[in-house]
Amino acid sequence: MAMIQSLLTKGWNRFLLTLSFLFLSLIAVFYFTTDGANRFSFYYFPSPQDLESSRSIRSPLQSPLGPPAAPVPVTPSSPYSFNEQSELVEGVSAYETDGEQVNPEFELRWEICRSGMGFEAVDYIPCLDNMKAIKKLKSRRHMEHRERHCPTPAPRCLVPLPPGYKVPVSWPKSRDMIWFDNVPHSKLVEYKKDQNWVRKDGDYLVFPGGGTQFKEGVSNYIQFIEQSCPAIEWGKHTRVVLDVGCGVASFGGYLLDKDVITISFAPKDEHEAQIQFALERGIPAFLSVIGTQQLTFPDNAFDLIHCARCRVHWDGDGGKPLIELNRILRPGGFFVWSATPVYHDDPRDQSVWNAMVTLTESICWKLLVKATDAAGIGLVIYQKPVSSSCYEKRKVQDPPLCIHKNRYDISWYTPLEGCLPPVHVDDSVDSETWPSSWPERLNFWPSNLLESNNVYNKARYYEDTKHWKGLVSSIYMHDLSINWSSIRNVMDMNAGFGGFAAALVTEALWVMNVVPIHELNTLPIIINRGLIGVYNDWCESFNTYPRTYDLLHSSFLFGKLTKRCDIISCVAEMDRILRPAEVVALNNQRPPEGIEREVANGKKPMEIDEDLHSRQLAVYGRETMRRLFASNVLVSGLQGLGVEIDDVGKNRASACVQKLQELNSAVIISTITTALSKEQLSNFQAVVFTDIGLETALEFDDYCRDHEPPIAFIKSEVRGLFGSVFCDFGPSFTVVDVDGEEPHTGIIASINNDNPALVCCVDDERLEFQDGDLVVFSEVQGMTELNDGKPRKVISARPYSFTLEEDTTDFGAYYRGGIVTQVKQPKVLQFKPLRDAVKDPGDFLLSDFSKFDRPILLHLAFQALDAFRHELGRFPVAGSVEDADKLIDFTFKINESLGDSKLEEIDRKLLNHFASGSRAVLNPMAAMFGGIVGQEIVKACSGKFHPLFQFLYFDSVESLPTEPLDSNDLKPLGSRYDAQISVFGAKLQKKMEESKVFMVGAGALGCEFLKNLALMGVCCSQKGKLTITDDDIIEKKNVFDDTFWESLDAVINALDNVAARMYMDGRCLYFQKPLLESGTLGTKCNTQMVIPHLTENYGASRDPPEKQAPMCTVHSFPHNIDHCLTWARSEFEGILEKTPDEVNKFLANPSEYASAMKAAGDAQARDLLERVIDCLDRDKCDTFQDCVTWARLRFEDYFSDRVKQLTYTFPEDAVTSGGAPFWSAPKRFPQPLQFSTRDASHVDFIMAASILRAETFGIPLPDWAKSLRKLAEAIDEVVVPDFVPKKGVNIVTDEKATSLSTASIDDAVVINELVAKLEECAKRLPPGYHMNAVQFEKDDDTNFHIDLIAGLANMRARNYGIPEVDKLKAKFIAGRIIPAIATSTALATGLVCLELYKVLSGGHKVESYRNTFANLSLPLFSMAEPVPPKVIRHGDMSWTVWDRWAITGNITLRELLQWLKDKGLNAYSISCGNPCFITDVTKLEVPSYRRHVDVVVACEDDEDNDIDIPLISIYFR
């Protein structure tokens, strides 16, 4: 206690005490404020003066779970010790929240950060001051000791203030002077006193603006650079600068006067706190070094890089330091080097200069200027090339072009490369003016970026900019009570596109934009727009001194961090870098990534439930889903649904809103019950009108087009069996993804040196490229010029090759490898306004090619109907000849007004049908058009998929009864089905109500069918009957007997698997029942009508089976992520399900199991025994630590040892027996992984594997099982043996092999030995011992199944250099999830129900039916008549698959043979039930409900030709 009191007497301890509580309160608010009320959280940290006021400070924050917590004592204990009763400490550790309600009042004991000597470390930087790691370094030659060496686990200590610390001097005064006590380092003052860097003046450090190379002052030096090279144009052409080895950053500080933002960096070295000086002055800077790793910047980032005596040996290590600058310097960017080798003549300097000349020439840098100023200080200015052409023309390719370089990779712990990333500026970009001038570039889309990359999305970029501009101006600057005059150094911890920084650019501050390494890589965009930033992993410390930032801003960062990091360590890091008396601002909600919502609408954006929406996510992806969540849509006109609500006299929208809301609580539905005005449309991104006059539509459409941004306008009508859609998305609408398909890829086999070049790919899969496609190349060896990221055009595509619009004559010779990938291009559509499109509709979207001329007639008919309604104020009466004639007259008048474009013939009969049913909204038509329009709304709000352009007309007059309709039969009956009666008549309605229908499946399709059938009245009378089953293996149900099947009028399939479909097809064939088949796959759907005697059956045509990868490919030579996931699923089932099952089989009956294995005596039995023994002996787990050990050793085996063995057996230079390179396409040469607890993906794998392993052994999980920090400690205890490769290992390479097990003549002997060993293992087990088999379950995101499969697949992908996938994508592929969306489901069911009218009506010919394939993403509709059944002829007989030959009477086998003989058929096989030859007679038990037996006969004619005859049914009862 005395020690505690002693600690509390120090002022800085009061500061730490307060900070600790505030941060813990911050965590509580973050975790438990889930109602969206506290959108923004911001916290003031106490000033040094405040800290003098009390020894314990109560938090000003109110916990959502109760009153403020008690003060937290600072206790001299371990930095990781907790109060064991505290739930929140466990709750905030990684993986330990899971939404549990925990108590925010807890105790956390902090230590003070100390140096290795035990002193209080006031300048502690965890990843740069890890002396334990630095002492273990084998070399310091390349500045390894100045690089990051982060302690594990991350520290939780708090950094004290230096004695005498004061509130920092405010900007702009701070540029010239700062408090000495805040940065109490005098070494630099003495060391540089003659160079005018810095001097001490009383309590201040003063910065005169001089430097080693700035003898005339830094301002003159800056001016001299621009005079020497006017193209630099400070603050216009040059905006973002990197200053290497920056001294005290005066260069960057004075460039601010030129509107230039500079990042200054230097290592933490003997210059003592130069970066700390810079940040205290309010100048952007951070700690780094050019050593063995890349700088944490993206490729092609900086406009100019500056080095003034920066003490970097640019030509060292093969020139890697300068090559690194080349990587991060943008094409056309400048390198300014001011150093003695430029202007001194002594031999040492000249040697350095000569080496620099050679190196810069080898990387194609152009020497622009070599000049000396009035003080005799010289400098040289180089410029980087704007294309790779110079690289390609070098006689010596040294340094070489990078082969494996991916320009979108994040540079984080990435080794320095000795190669040149290809340079490419898009052909549409003027390299002389790129990038755009400042400040225009701040808010313009960076023209050099490929929008096709899913990160670089133009629409999302602009939305983010708009969002932050509004949020900062309306909330941050006014409503948060932040004293912005005291804010200078700002950090955005999760910067996104840099929108927050862009919104603050006019303020007297600067923002360090940090892009976390596990977020989307947006840093290239941030720097392109003229802002600064770096990468960082917030599970580790940031490279800066303590107390260097005034404001830490975070938007939606911590949710993801809790899954990877110790969140308390992260909070301690925030404490370290934040200045006292300054602010943390948290925006706990993700900014809208779709269409902008109003800032102050008070509604919390919904997060995507990836489990609930998994099938929809498989179609749209997260990006589109987020846009949909953020969208506002107006639907005007609720026709069909409104009629079903029992609120007579109430506004239809008001009556429907509650029912609609029940469909999806995540969609907020409101109503507009007053007359709709144009101005109200401005609140929406898309508006849909289903019942609106043409004049009003023209007015609304004009308003939507003129709005900024344009509002998508959709007009749709359903009139009986006729429907229309019109879309206008504005004068310029960008389609980001035209079809939603993954970019096509190919594995390259060869490329010739020719003009144009021929590219051949392996015949593993057919290429899907089309002429005109753009493609990019990667990983090409030899012809490395193609790896420059430049899109190139395909001009002649073939199944396994294509011609490239490129002259490769002078390129390097192709050696091996390479991937070619389609570049999906955005498409800009220019929609016509409705006013123009009505007069000149252009091309219609056709749905039925047998009705080629129908759309233009319907275009006139819908206009005529509008004129009719406008004049008479009503719809035509059903069956009224007079009204029909009047509508036809309107049609003729409109047609005549078209002049030369008018129709020569008008189908009056069709117009009669149109007029008669125009008042009715039929549910199948509403479902169909609802699906189409719903998809168009998705396109309008997201840019995903190609919009309908612009008119679609559809009719299904074939659904009408074949007999003429009596007008009296169309009269209303006061029934809910009067609308349907007005189209089809009361007779058909009665038939529908009395029908007996069997529906198989009650999933998405099934539920949609149920709604349709109910609203159509199908089976809805006492005589009708709808039978539903949802069992995919319905053949096992005996409730569906002959009587049931024979009673049916129709069968509707709503299935998702082929086996069940085939069974239903067989039943419908047998009982000759109509089968209405349909299916969906994402945006695609198809329908097939199977009508007795009219069409072929479902099984008549089959899709080819999916191509399966060879076993050797999956297990040893994967080349795509599907192979990795297939292997991962196989390993999951093997180790967690099959092996435990096998163990239990043995334990249930050891003697019987042993006998079975001995009897088998083969390689498979040997393998099974080995796995069971391993599970019960070597790999048996008794504690969770055993499970961790097993998982860690599994990692080593899977991803290191096996790869080392494979590459030992087949080295990189191995050849086949034919002399060809063994590692040729599609094989990829693998690299083993080095396990590291600093790699979160490695630890995640161990966690998932350990937890599931524990489940199989019934081991309870300890409290620390899901804590990354404690798990890392457990992993470190595992001893991993060194790997020794084995000789003579047989690795299967035969693609036809079906097993990896190899048979041996010694199998029987080995099996006997294994059985004996297994029996010994069993003796050591306790009675009743058993294992738990874990069956894969994809739909539970908490069970770690997908975590393990994703981990297995991604680690394997990393071995082979294959792009990895996230958990969601792994779930789609490994879980075999069928993509499904409501729009295609609605479309499919609507189309089927239109066919059901025909089936139940009867009498329709085959040409009246329609099979449909539709793809809503394109959109594409293809309707065609069903294919008639194949007719088989023999003699004067003919039959189809629908026919059955019936024989009545109890005939003998001989009589049957003679009956066939009389028809010229010779039977050679007869089967009934189980197959039997005619010489064998089988006794067959016939169920009591069956009156016949079916006989299958194989026949041939007199010329021995096989004849397929129908099934023969013999009726004996």
Side-chain angles (χ1 to χ4, degrees), residues 631-645 647-661 663 667 669-681 683-704 711-728 834 838 862-863 865-870 873-876 914 917-938 940-941 948 951-954 978-980 982 1011 1015 1382-1383 1386-1387 1390:
S631 62
N632 285 341
V633 178
L634 170 70
V635 179
S636 175
L638 284 176
Q639 298 174 51
L641 179 63
V643 176
E644 299 305 314
I645 306 296
D647 289 322
V648 179
K650 190 174 181 181
N651 176 275
R652 186 173 289 175
S654 300
C656 296
V657 66
Q658 182 180 351
K659 299 295 183 182
L660 287 169
Q661 186 66 74
L663 295 175
V667 179
I669 300 177
S670 58
T671 61
I672 299 175
T673 57
T674 58
L676 188 65
S677 67
K678 292 183 297 183
E679 290 71 22
Q680 288 174 296
L681 304 184
N683 298 322
F684 304 97
Q685 288 77 54
V687 294
V688 181
F689 295 93
T690 65
D691 189 14
I692 186 175
L694 182 58
E695 286 303 316
T696 306
L698 294 174
E699 181 183 354
F700 281 176
D701 180 60
D702 289 342
Y703 179 84
C704 290
I711 302 166
F713 176 90
I714 302 172
K715 180 178 182 290
S716 182
E717 295 182 75
V718 170
R719 305 300 177 198
L721 288 168
F722 299 80
S724 72
V725 181
F726 168 79
C727 293
D728 176 10
L834 178 59
V838 168
F862 274 91
Q863 292 179 65
L865 178 61
D866 181 78
F868 184 102
R869 294 180 64 191
H870 182 73
R874 61 175 176 84
F875 284 97
F914 178 73
S918 60
R919 186 180 182 85
V921 177
L922 303 176
N923 197 74
M925 290 289 290
M928 174 187 172
F929 276 83
I932 294 170
V933 172
Q935 196 66 59
E936 295 307 306
I937 294 171
V938 171
C941 295
L948 194 160
F951 278 105
L952 167 68
Y953 290 102
F954 171 84
D978 278 351
Q980 195 162 250
S982 72
K1011 181 192 77 175
L1015 294 175
T1383 51
L1387 174 61

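Computed from a predicted model, the values in this text were never measured in an experiment.
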Do [X] and [Y] have side-chain heavy atoms sitting under 4.5 Å apart?
X    : Y    : result
L634 : I711 : no
T696 : F689 : no
V718 : L922 : no
V933 : V725 : yes
L865 : F875 : yes
V687 : C704 : yes

Give me the atom names and distance for the closest heavy-atom approach of [X] to [Y].
X    : Y     : result
S724 : S716  : O-OG, 3.0 Å
G934 : T1383 : C-CG2, 3.7 Å
A940 : A712  : CB-CB, 3.4 Å

Could you state the interatomic distance from [atom1] ([X]) to [atom2] ([Y]), rounded to the nearest 0.5 Å?
X    : Y     : atom1 : atom2 : value
C941 : F684  : SG    : CZ    : 11.5 Å
F713 : Y703  : CZ    : OH    : 13.5 Å
F951 : C727  : CZ    : SG    : 10.0 Å
I937 : S631  : CD1   : OG    : 8.5 Å
S636 : K715  : OG    : NZ    : 11.5 Å
F929 : L1387 : CZ    : CG    : 9.5 Å

*Quick one: does D701's side chain have a donor or acceptor within less than 3.5 Å of a partner on L834's backbone?*
yes

*Do the side chain of T690 and the main chain of E717 share a donor and acceptor less than 3.5 angstrom apart?*
no

_salt_bridge(D691, R869) N-O dist < 4.0 Å_ = yes

*On the 0 to 90° scale, with breaks at 30° and 60°, tag the F914-F722 ring pair as parallel, tilted or perpendicular.*
perpendicular

*Run the side chain to side chain contact (heavy atoms under 4.5 Å, CB included) check on F954 and I932 step by step: do they pass?*
CA-CA 12 Å; F954 171 84; I932 294 170; over 6 Å; no

